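Values in this document were obtained by computation on a predicted structure and should not be read as measured data. The first residue of the sequence shown is numbered 1, and numbering continues consecutively from there.
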Amino acid sequence: QVQLVESGGGLVQAGGSLRLSCAASGRTFSRPTMGWFRQAPGKEREFVSTISWDSGTTYYADSVKGRFTISRDNAKNTVFLQMNSLKPEDTAVYYCAARNGMLASRSASEYNYWGQGTQVTVSS
């Protein structure tokens, strides 16, 4: 079993920045794709960003493109999400996910493991 633990969430004013981290532990699998998703109150979980094993491929939701940056440190089994120019509409619980496959994916259904989530609140 793979465990994913997110950290770095919190309360920030609009225009501010946060850096989320997700540490993977437990049984590891080969070359996982990692992703970030978020879920706001009353809304469905939505894709935010994904990164392939070799960091060669990254995808972003249009709503965060140019403001968020995903990266990973495979030696530390950790993936990061740098969030800049935050907006109140970015308020959500952010989830880290891992997929047993090398190709980056925007689809939540293709991810095998999920973290518990970390709350991000952006005040106006």
| query | Does the side chain of S107 come under 3.5 Å of the side chain of S109 through a donor N or O and an acceptor N or O? | reply | yes
| request: Please work out whether the ring planes of F47 and F37 are parallel, tilted or perpendicular, with thresholds of 30° and 60°. | output: perpendicular
| request: Please assess Y95 against L20 for the test side-chain contact (heavy atoms from CB on, under 4.5 Å), listing each intermediate value before the final yes or no. | output: CA-CA 10 Å; Y95 297 91; L20 304 184; over 6 Å; no
To the nearest 0.5 Å, what is the distance between [atom1] on [X] and [atom2] on [Y]?
X    : Y   : atom1 : atom2 : result
Y94  : E6  : OH    : CD    : 12.5 Å
Q82  : I70 : CD    : CD1   : 12.0 Å
W53  : N74 : CH2   : CG    : 4.0 Å
T118 : L81 : OG1   : CG    : 11.0 Å
I51  : T33 : CD1   : OG1   : 9.5 Å

| request: Begin with the C-alpha distance, continue with both residues' side-chain angles, and end with the deciding distance and a verdict on side-chain contact (heavy atoms from CB on, under 4.5 Å) for N112 and V2. | output: CA-CA 9 Å; N112 307 98; V2 174; over 6 Å; no
Please give me the minimum heavy-atom distance between [X] and [Y], naming the atom from each residue.
X    : Y    : value
C22  : L4   : SG-CB, 3.9 Å
R99  : L103 : NH1-O, 2.5 Å
M34  : T50  : O-OG1, 3.0 Å
G35  : Y111 : N-CE2, 3.7 Å
S21  : W36  : O-CH2, 3.7 Å
A104 : S52  : CB-N, 4.1 Å

| Side chains of V64 and R38: closer than 4.5 Å at any heavy-atom pair? | yes
| field | Heavy-atom side-chain contact between Y59 and S49 under 4.5 Å | value | no
| message | For the backbone of V122 and the side chain of T91, can you confirm whether one donor and one acceptor N or O come within less than 3.5 Å of each other? | response | yes
| said: Please check this pair: side chain of R67 against backbone of S85, looking for a donor-acceptor N/O pair closer than 3.5 Å. | reply: yes
| task | Go through the steps for D73 and F80 under the test side-chain contact (heavy atoms from CB on, under 4.5 Å), then give the verdict. | result | CA-CA 8 Å; D73 183 341; F80 306 96; 4.1 Å; yes
| query | Given M83 and D90, is the side-chain contact (heavy atoms from CB on, under 4.5 Å) satisfied, shown in steps? | reply | CA-CA 9 Å; M83 305 186 297; D90 294 317; over 6 Å; no
| said: For Q39, I'd like to know if atom CD has over 12 heavy atoms of other residues, nucleotides or ligands within 6.0 Å. | reply: yes
| message | I'd like to know if D62 pairs up with K65 as an ion pair, taking the criterion as any Lys NZ or Arg NE/NH1/NH2 lying under 4.0 Å from an Asp or Glu carboxylate oxygen. | response | yes
